[in-house]
Each structure stands twice: as structure tokens, then as C-alpha cells.
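Chain naming here is simple, since letters A, B, ... match the order of the sequence lines and numbering starts at 1 in each. All values below come from the heavy atoms of this structure, side chains included, with hydrogens, waters and symmetry mates left out.
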Protein chains: 4
Amino acid sequence: MPKGFRNKLHEVIYEADTPEGKLFDVILLILILISIITVMLESVASIKLVYGKELDIIEWIITGFFTIEYIARIISVKKPANYIFSFYGIIDLLSMLPKYIDVLFPGLAFLISIRSLRLLRVFRILKLGHFIGASNQLYTALKKSRIKITVFLFGVIIICVIMGTLMYIIEGPESGFKNIPISIYWTIVTLTTVGFGDITPVTPLGQFLSALIMIMGYGIIAVPTGLVTAQFMQDNKTPENTQVCAVCNADHHRDKAKYCYNCGANLHQ
Amino acid sequence: MPKGFRNKLHEVIYEADTPEGKLFDVILLILILISIITVMLESVASIKLVYGKELDIIEWIITGFFTIEYIARIISVKKPANYIFSFYGIIDLLSMLPKYIDVLFPGLAFLISIRSLRLLRVFRILKLGHFIGASNQLYTALKKSRIKITVFLFGVIIICVIMGTLMYIIEGPESGFKNIPISIYWTIVTLTTVGFGDITPVTPLGQFLSALIMIMGYGIIAVPTGLVTAQFMQDNKTPENTQVCAVCNADHHRDKAKYCYNCGANLHQ
Amino acid sequence: MPKGFRNKLHEVIYEADTPEGKLFDVILLILILISIITVMLESVASIKLVYGKELDIIEWIITGFFTIEYIARIISVKKPANYIFSFYGIIDLLSMLPKYIDVLFPGLAFLISIRSLRLLRVFRILKLGHFIGASNQLYTALKKSRIKITVFLFGVIIICVIMGTLMYIIEGPESGFKNIPISIYWTIVTLTTVGFGDITPVTPLGQFLSALIMIMGYGIIAVPTGLVTAQFMQDNKTPENTQVCAVCNADHHRDKAKYCYNCGANLHQ
Amino acid sequence: MPKGFRNKLHEVIYEADTPEGKLFDVILLILILISIITVMLESVASIKLVYGKELDIIEWIITGFFTIEYIARIISVKKPANYIFSFYGIIDLLSMLPKYIDVLFPGLAFLISIRSLRLLRVFRILKLGHFIGASNQLYTALKKSRIKITVFLFGVIIICVIMGTLMYIIEGPESGFKNIPISIYWTIVTLTTVGFGDITPVTPLGQFLSALIMIMGYGIIAVPTGLVTAQFMQDNKTPENTQVCAVCNADHHRDKAKYCYNCGANLHQ
């Protein structure tokens with residue numbers, strides 16, 4: 001394969017600076033969306049009954065495209081192993097494999113729905129294309145408060161383990177709280193204020209402890225909220241200068257100010 | 001029709017600066033409220049059984065008023081098509097049409113409840129009347145953080161599609177998660193911490209993934225909250241100057257600045 | 001009745017500056033708590049069966065005390081009508097009346113639980129006693145953002161009415177959404193992320209609209225949170241001075257500063 | 001026992017400055033995690049049936065370690081009673097006791113799950129090791145807004161008692177709201193937006209009051225969130241000066257202040 005063609009292919013597939021690269025990303029995104037909608041529709045029994053054949057054809061066409069894309073990605077990159085064993089490489093493989101396996105082992109057809117993981121490529125395409133600038137800011141704020149949120153979630157999980165165990169002791173294995181993992185699951189359902197209601201406490205003591213868990217969950221949601229808000233606020237601050245005017249001593253100058261806002265003196269002398 | 005009368009009519013119906021205009025808005029608001037309460041009461045089987053006739057008469061009277069209002073709106077505006085095909089124009093038409101259609105095709109009587117969409121006019125009336133100043137501030141803050149909230153909701157939907165598909169694969173079509181759209185619906189119910197409980201995971205792996213979705217939903221609610229809070233805070237900040245330097249055209253001056261930060265020229269000359 | 005005694009009684013009952021006044025408040029609080037616990041326990045069928053007689057005696061004793069307190073409040077105040085027809089006056093009367101009426105009409109015994117409304121007196125006692133300073137700050141912040149929160153809740157209710165009606169049209173009267181008021185109730189349950197699950201949408205379109213309502217509810221909770229947070233922040237700001245030093249032109253002085261922090265000049269000359 | 005050995009033991013067990021101390025903490029943490037996982041697995045009926053014997057052996061080994069640790073903690077501390085009757089001392093005792101009691105009274109085996117309380121030691125180990133610095137900041141912010149959050153939760157509980165009683169009066173003992181404690185439990189479930197759905201109002205008035213409770217719960221969650229956010233923000237603020245004026249003893253000077261705001265004295269002399 002000529003090196004020039006490989007470079008061109010790499011540019012189109014992996015980059016988004018050229019019109020061809022952008023077009024490739026947009027087409028890929030549309031194909032992913034169509035493939036996901038097809039998989040969704042096929043999972044609905046009544047639709048599959050009527051349009052099963054048409055959906056199957058669309059799936060084969062898309063699987064074909066995905067296979068070509070997969071091969072193109074491998075041959076256009078210098079070290080194919082880097083792509084093949086990367087997160088996206090594995091997802092791309094898993095997105096087309098089930099359709100082929102299905103011919104041999106028909107029972108695994110439903111695995112094709114793993115294809116929806118390709119939707120994650122949206123984040124990569126958005127990042128390349130920069131066509132939504134706001135997502136960057138969101139991402140930065142979340143990344144900066146990542147450690148604190150992890151510590152918080154870690155504390156939440158410890159509370160859930162302890163409270164879940166207590167609920168199991170109180171309600172007993174004869175109730176819905178039949179074992180500790182289920183009790184912990186229930187505690188997470190309750191603390192996060194989801195509250196399915198498939199399992200509910202029936203003893204007065206269990207209901208009392210539940211009430212405590214709920215009020216705790218209602219109160220501590222303030223923590224991640226506070227963390228992220230404080231982060232957003234800090235990122236929004238207009239940067240001030242630390243300069244002090246040598247003539248009039250005024251401070252709090254605008255960032256990059258050249259002259260004093262108060263006396264007009266040159267700040268850079 | 002004399003032009004003077006049409007102008008007067010336009011002033012009364014579309015504006016709220018004159019006493020007549022305000023009175024028209026208030027009467028319209030009261031009529032809308034009455035019509036909605038009537039429709040509500042009529043939908044309750046036990047009430048309809050007893051007061052069906054009275055409610056029907058009230059509905060006919062209000063439909064009459066709405067019809068007159070609709071015609072008046074059309075004749076008082078210069079380009080009737082602009083109103084007829086506008087959002088409010090279509091709602092206004094849909095609010096009275098079902099009552100007339102009902103005489104011919106009795107089965108569609110329940111469509112009259114679409115009339116409650118007219119309640120949206122409250123927002124327009126409030127805006128015209130300015131009688132709640134606070135709504136403006138709320139609206140501005142929401143509008144400013146609109147793009148970021150959209151990006152956030154977009155990310156939430158992608159998470160829901162992927163997680164919903166995974167839940168479908170894990171729980172299988174024999175459980176409540178009978179197809180992917182239902183699974184995605186369930187994921188939205190769970191991530192937003194609503195948690196109906198009509199569908200619940202039964203496999204340990206499904207419950208584990210559910211717990212992850214819940215904790216995620218509990219954690220990322222911080223994002224829209226942080227965004228809107230940061231916006232509100234910024235709106236509360238000490239404002240910058242709107243002055244533009246006459247010499248170098250620099251703007252965004254510090255409040256109370258006397259000299260241009262960029263060229264040192266006196267801003268008050 | 002001697003005037004001095006009435007003044008003394010007024011001081012003890014309505015004020016909390018004297019030791020006797022404080023003692024009265026504390027005793028009243030304890031009696032209210034005991035009365036509420038008694039009423040609670042009596043409402044539990046199994047407890048009433050065993051301890052019904054004892055609970056009845058305690059209730060009679062407390063009703064006696066409340067009656068004496070009620071009469072004392074009337075005779076110690078200059079204009080008894082002011083107290084009798086006040087919010088607290090009516091609650092006080094309703095707290096003891098059911099016990100007496102019960103002798104004549106036994107069926108109304110359960111009304112005694114209205115006594116728990118007396119718990120509201122806690123707020124009044126706390127206010128008088130000032131023993132929790134923080135409540136004041138909370139109250140002020142909530143009061144200041146009251147108007148904006150009202151506008152927000154008003155908007156929420158309009159959304160609920162419109163969405164509830166649409167859900168009724170989509171799901172139809174044969175489903176759980178049997179009439180519009182029930183549909184609106186369901187929309188409130190869903191938008192506030194409570195999600196009981198007693199009524200759930202079954203049609204695909206209904207589930208789609210539900211998903212929209214949930215995501216909306218998940219997103220707009222940011223609004224009251226942002227409002228109250230911004231209010232708290234503003235109340236926390238260290239007050240700065242608007243003074244500018246006449247000698248060195250430095251500003252942003254501490255509140256109540258007498259001398260310039262920059263050059264030491266007297267600011268009040 | 002030689003004093004040197006006891007000191008060394010104390011250093012290893014109670015401190016984390018030496019490599020041995022850190023190693024001890026890490027091993028203890030791993031043992032606690034294994035013991036909790038073992039207890040969890042044993043509570044699952046199907047797992048106990050197959051691996052009951054193996055799990056029992058692991059539990060006996062860990063109970064042995066915990067017993068040695070417990071004795072070591074007692075002998076290494078100068079005043080053993082301080083440890084024995086401390087919070088952690090009692091948990092440590094309760095973590096191993098049930099396994100021994102189980103030999104005599106087999107019915108109490110499930111109490112061993114109380115061992116999960118030992119997970120609380122994670123917080124202590126984290127604190128000693130300082131290996132997550134962010135937890136400190138979270139802890140401080142929560143501690144500072146503790147009083148306000150308590151006042152808020154106190155208000156929430158009063159609202160729940162009153163609303164719960166009203167719901168009991170409205171819905172009546174024949175419905176799911178069979179007594180006042182259950183009604184209050186339901187109100188907490190609803191106000192915190194958990195919404196299990198095991199008990200739901202059926203009367204129109206009950207549903208109306210429920211809607212009010214939900215909207216209230218949706219609105220007032222802003223309060224703890226606002227409190228904690230404001231606290232986080234304040235901790236992020238540019239600090240004041242710690243200087244104290246040598247002349248007049250005034251403090252809380254502006255950062256970078258050169259002269260005392262109160263007496264004009266030079267702060268840098």
C-alpha cells in the first residue's frame with residue numbers, strides 16, 4: 001500500500017481538520033445513529049414481527065460499513081495494535097462481531113445491541129470538531145472537582161454498606177431484605193431518593209431507620225452540588241491583575257491593563 | 001371596516017399599555033382559567049354524571065367567546081396569516097375547534113382538553129404586563145445557561161441510551177426490560193431519581209448497574225444546579241462599565257474607571 | 001381580677017424575658033410533645049388495644065392543662081378577641097375541643113390528632129427564646145428569595161397542568177390517567193422526582209412524554225437551588241466601604257475603616 | 001510486659017507515621033473488607049448452601065485476627081478502659097463477639113453482620129494517613145454548616161409531623177395511612193422525593209395535599225444546597241490578613257494592607 005494513500009486515509013479517519021475528515025465524522029455519526037435506532041426497533045417484538053426482514057438488511061449494510069471502517073482504521077494507523085487494543089478499538093470490534101457470530105450461533109443475536117456503545121464516539125467527534133464550546137467548560141469543572149466528588153461518593157458507599165447491613169439485621173431475611181447485598185442495593189435506591197418501592201420496610205424500627213436514610217440522602221445531596229457550583233464560580237471569575245499603580249497606588253486592575261484606571265499612569269514603567 | 005376601529009381593536013387585544021388592553025388581558029386570563037377548570041371537572045366521570053349538562057353549557061359559552069376573540073385577532077392584525085400560523089394562533093384555533101367538531105364526530109370530545117395549552121398565554125400576559133419583575137431575571141439566567149444545560153442534557157441522554165441498552169442485555173427480554181426503548185425509559189426514570197418501580201432489575205448484575213446509575217444521577221444533578229447558580233451569582237456581581245474609550249475603542253472598563261486601561265486616555269472627556 | 005395579676009400572667013404566658021416566662025415555654029413545649037406522642041400512639045391499633053385506658057387518662061390530663069392555658073391566655077390579654085380569632089388561638093381551641101366533643105359524639109375522636117398543629121408553637125417559642133440564632137439567617141434568606149421562588153413554583157404548576165392534560169389525552173381515560181386532575185397529580189409526582197409508581201404510562205408516546213417531564217424536573221430543580229444559594233452568598237459577603245482615600249485614591253476599604261489601608265491617611269477628613 | 005514493647009505496639013497500632021504503622025493500617029483495612037464481603041456472601045442463601053463451610057472457616061480466621069488485634073489494643077494502651085468503652089472499642093468487641101456466642105446460641109449468627117460497622121475505621125485510617133486531602137475540606141465545610149443544616153432538618157421534621165397528621169385525618173385509618181407514625185413516615189418518603197409508592201393517597205383532598213408536600217420538598221431542597229455551597233465558596237475566598245495592629249490591636253485587616261484601618265499605624269514596622 002502506498003504511503004501517501006495511508007497518510008490520506010489517516011487524515012480522513014482520525015482527524016477533522018480537512019473537509020473530508022469532517023464529512024467522514026458526520027457520516028459515521030449518522031450511521032451510528034441509524035444502527036442504534038435499527039437495533040432499538042428490532043428489540044421491540046411487535047415491530048420485529050412486521051419489519052424483521054427490512055431491519056435485518058439495514059443491519060447487514062451497516063455492519064458492512066463498520067467492517068470496512070474497522071479495516072481502514074487498522075491499515076491507516078502506523079501501529080495497528082495501538083488501535084485494536086484501545087477502548088474504542090474494542091468497542092468497534094464488538095459492534096460488528098455479533099452480527100457475524102449470529103450466523104453460526106443464532107442465540108447470541110441480542111448482543112448486537114452492544115453497538116450502542118459506539119455512541120460514545122459522539123464525545124470524541126464533538127471534541128475534535130469543537131462545535132460545542134460549552135462542553136469543554138463543563139468537562140473542566142467536573143474534572144477539577146473529580147477528586148472531591150470521588151471522596152464524597154466513597155463516603156456515600158460506606159454509609160450505604162453500614163445502613164444496608166443494619167436494615168438487614170432489623171428487617172430480617174424473611175422480608176424483602178433477604179440478604180445483605182439486596183439490603184445495600186435498597187439503601188442506595190433510598191439514599192439517592194430514587195425509591196422504586198419494590199422493597200419497602202415493614203417493621204416500625206426499619207421504617208424509622210429508612211426515614212433517617214432518606215433525610216440523610218436529602219441533606220447530603222448538597223455536597224456534590226456545592227462542590228461543582230464552587231468550581232463553576234471560580235472558573236467564571238474575571239481575572240484581576242496583582243499590579244499596583246506606582247503613581248496613585250490603586251489596585252484591582254483588569255487583567256492585561258496597560259494604564260491605571262484611576263490616574264492614567266503607565267503601569268508598565 | 002374603518003381603519004381607526006381596527007387600530008383600536010389591535011391596541012386592546014395585542015397591547016397592554018391602555019386600561020382597556022389590561023382589562024382585556026385580565027378577562028381573557030379568567031376565561032382561560034374557567035375553561036380549564038370546566039374541562040378538568042368534565043373529565044372526572046362522577047362529576048360529569050351529575051353536572052354534565054351545566055358544564056357543557058359553560059363550555060359552549062366560553063367556546064363562543066374564544067371564537068369571537070379568534071375572529072377579532074384575525075381582523076385586527078395587518079397580516080392575518082402571521083397570527084393564524086403562529087404558535088399561539090394554532091393553539092387558539094385548536095382550543096375551540098374540538099367543541100364544534102364534537103357535534104359532527106362525538107368521539108373526539110376529549111380533545112377539548114387541549115385547551116389547557118392556552119394557559120401558556122399566561123407567560124405572554126405576564127411579560128406584557130410586567131407585573132412580576134422577578135420572572136424576567138429568572139428567564140434571563142435560564143436563557144444564558146441554556147447552551148450549557150443543553151449540552152448537559154445531551155450527555156445525560158447518551159448515558160441513558162448506553163446504560164439502557166446494557167440493562168436490556170443484562171436483564172434480558174423476559175424481564176420488565178422487554179425491549180431497548182423500554183430499558184432507556186427505565187434508565188431515565190432511574191437516573192433522574194424519579195424511580196416509579198413499575199420495572200425493577202432482578203438479577204444481581206442488573207441491580208449493581210442500577211446502583212451505579214442511581215449514584216451517577218445523584219451526583220451529576222450538581223451540574224445543572226452549579227450552572228444556574230453560577231449564572232445567578234454573575235448577574236448579581238458589581239457591573240462593569242459600559243464606557244468605550246474615545247481614543248482606542250477599548251471596552252469592558254472597571255466600574256468607576258476614570259482612565260482607559262489600554263491607552264491611558266481620560267474617559268470622562 | 002386584680003390588674004397586677006393579669007399583667008404578671010401576661011408576662012409569664014406571652015413573654016420569655018423572665019425566668020417564669022422561659023419556664024412556662026419549656027413546660028408548654030414538653031406538654032405539646034407528650035400530647036402529640038400520646039395521640040400518635042393511640043392511632044396505632046395494637047397499642048390502643050393494650051394501653052388505650054392509660055393513653056386516654058394522659059390525654060384527659062393534658063386536655064385539662066390546655067384548657068386552663070386557653071382560659072389563662074384569654075383573661076391575661078387586654079383584647080381577648082385578638083387572641084381567640086388569631087391563627088394560634090384557633091389552633092389552641094381545636095387542640096382541646098375534640099376531646100370534649102368526643103364524650104357527646106364518639107365518632108369524632110380521631111380529630112384530636114389535629115392537636116399536632118400545636119407543634120407550630122415551637123417556631124414561636126424558638127423565635128422568642130432566640131436559642132437558635134441560625135434559624136433567623138435561614139428565615140431571612142428564604143424570605144428574600146420568596147418572590148422568585150413563588151414565580152418559579154407558579155411556572156412549575158402551569159407546566160404540570162399542561163403536561164398533565166397532554167398525558168390524559170395520550171394515555172386516555174381507560175388507563176391510570178382516568179381524569180385530568182389525576183393526570184396533573186401524576187405530573188407533579190413525576191416532575192418533582194418523587195415517582196410513586198401507583199400510576200405509570202403504558203403507551204410508548206406516554207412514556208416518551210414522561211421521560212421529557214422527568215428530565216425537565218431533573219433540570220429545573222437547579223432554579224430554586226440557584227436562587228437560594230445566590231441569596232445566601234450575598235448575605236455572607238463582607239461589607240466593603242464605598243469610600244476612596246483622598247490622598248492615594250485607594251478604594252475597597254473595609255466597612256467602618258477610619259484610616260486608609262494603603263497610605264494611612266484619615267478617611268474621615 | 002516490657003515497656004519498650006508496649007510503646008512499639010502502640011506506635012504500630014494507633015499511629016501511622018512509621019512504615020510498620022502504615023502497613024498495619026493497610027492490612028487491617030484489607031481484613032475488614034474481606035470480613036465484610038464474607039458476611040455479605042454468607043447472607044445470600046444460595047451461596048451459603050454451596051460455600052457455607054469455606055465462608056465459615058474464613059470467618060473464624062478473621063475473628064481470630066480481630067481477637068488478637070483487640071487484645072493488642074488493650075495491652076498497648078496506658079488506660080485500657082479508655083479504649084474499651086470508646087466508640088471504636090465497643091464496635092471492635094461487637095465485631096468478634098457474635099462468632100463466639102454463635103457456638104453457644106446458634107440463633108444469633110446473623111448478628112455477625114454488625115461487623116460492617118468496622119468499616120467506619122476507614123474514616124479514621126484515612127484521617128491518620130492524610131492520603132486523601134480533599135476529605136478534610138469536605139469535612140470542614142460540612143462541620144461549619146452543621147448548625148444551620150440541623151435547624152433546617154428540625155424544621156423539616158416538624159413539617160413532616162404536621163403534614164403526616166393531616167394526611168392521616170384526610171385519608172383515614174382504613175387506607176394505607178393506618179396510623180399517625182405511618183403517615184409521618186409516608187410524609188418523609190414524599191417530602192424527600194423518594195416516593196416508594198407502597199402507600200399512596202386515594203382521596204382527591206389527600207392527593208392535593210400530597211402535591212403540596214412534593215412541591216414543598218422540591219423547593220426546600222434548595223436550602224441545604226445553598227448553605228453548603230455558600231460555605232464552600234467562603235472557604236475559597238481570598239483570605240484576610242492575620243496581622244494585628246501593634247498600636248490599637250485591630251485585626252481582620254485587608255490582605256496586603258500597609259496601614260491599620262482603625263488607627264492609621266504602619267503595620268509593617
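Within the 4.5 angstrom heavy-atom criterion, atoms from both the backbone and the side chain of D/Ile220 approach chain A. For D/Ile36, the part lying near chain A is the side chain, with the backbone staying farther off; criterion is any non-hydrogen pair under 4.5 Å. For D/Ile221, the parts lying under 4.5 angstrom from a heavy atom of chain A are both the backbone and the side chain. Of the two parts of D/Leu41, neither the backbone nor the side chain holds a non-hydrogen atom closer than 4.5 Å to a non-hydrogen atom of chain A. Heavy atoms of D/Leu227 lying under 4.5 Å from chain A are absent altogether.
Listed here is the closest heavy atom pair of A/Val223 and D/Val228: CA-CG1, 4.3 Å. Contact record, D/Ser43 with A/Pro181: OG-CD, 3.6 Å, taken as the closest heavy-atom pair. Minimum interatomic distance between A/Tyr218 and D/Leu191 (heavy atoms only, all atoms of both residues): CE1-O, 3.7 Å.
Each of A/Gly219, A/Gly197, A/Pro224 has some count of heavy-atom pairs under 4.5 Å with chain D, and the biggest count is that of A/Gly197.
Between atom CZ of residue D/Phe232 and atom OG1 of residue A/Thr225 there is a gap of 9.5 Å, rounded to the nearest 0.5 Å. Once rounded to the nearest 0.5 Å, the distance linking CD1 of D/Ile184 with CD of A/Gln207 reads 11.5 Å.
Taking the side chain as every heavy atom from C-beta outward, A/Met214 and D/Tyr185 approach each other to under 4.5 Å.
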Using side chain to side chain contact (heavy atoms under 4.5 Å, CB included), reason through D/Val39 and A/Thr165 one step at a time and then give a plain yes or no. CA-CA 10 Å; D/Val39 165; A/Thr165 310; 5.6 Å; no

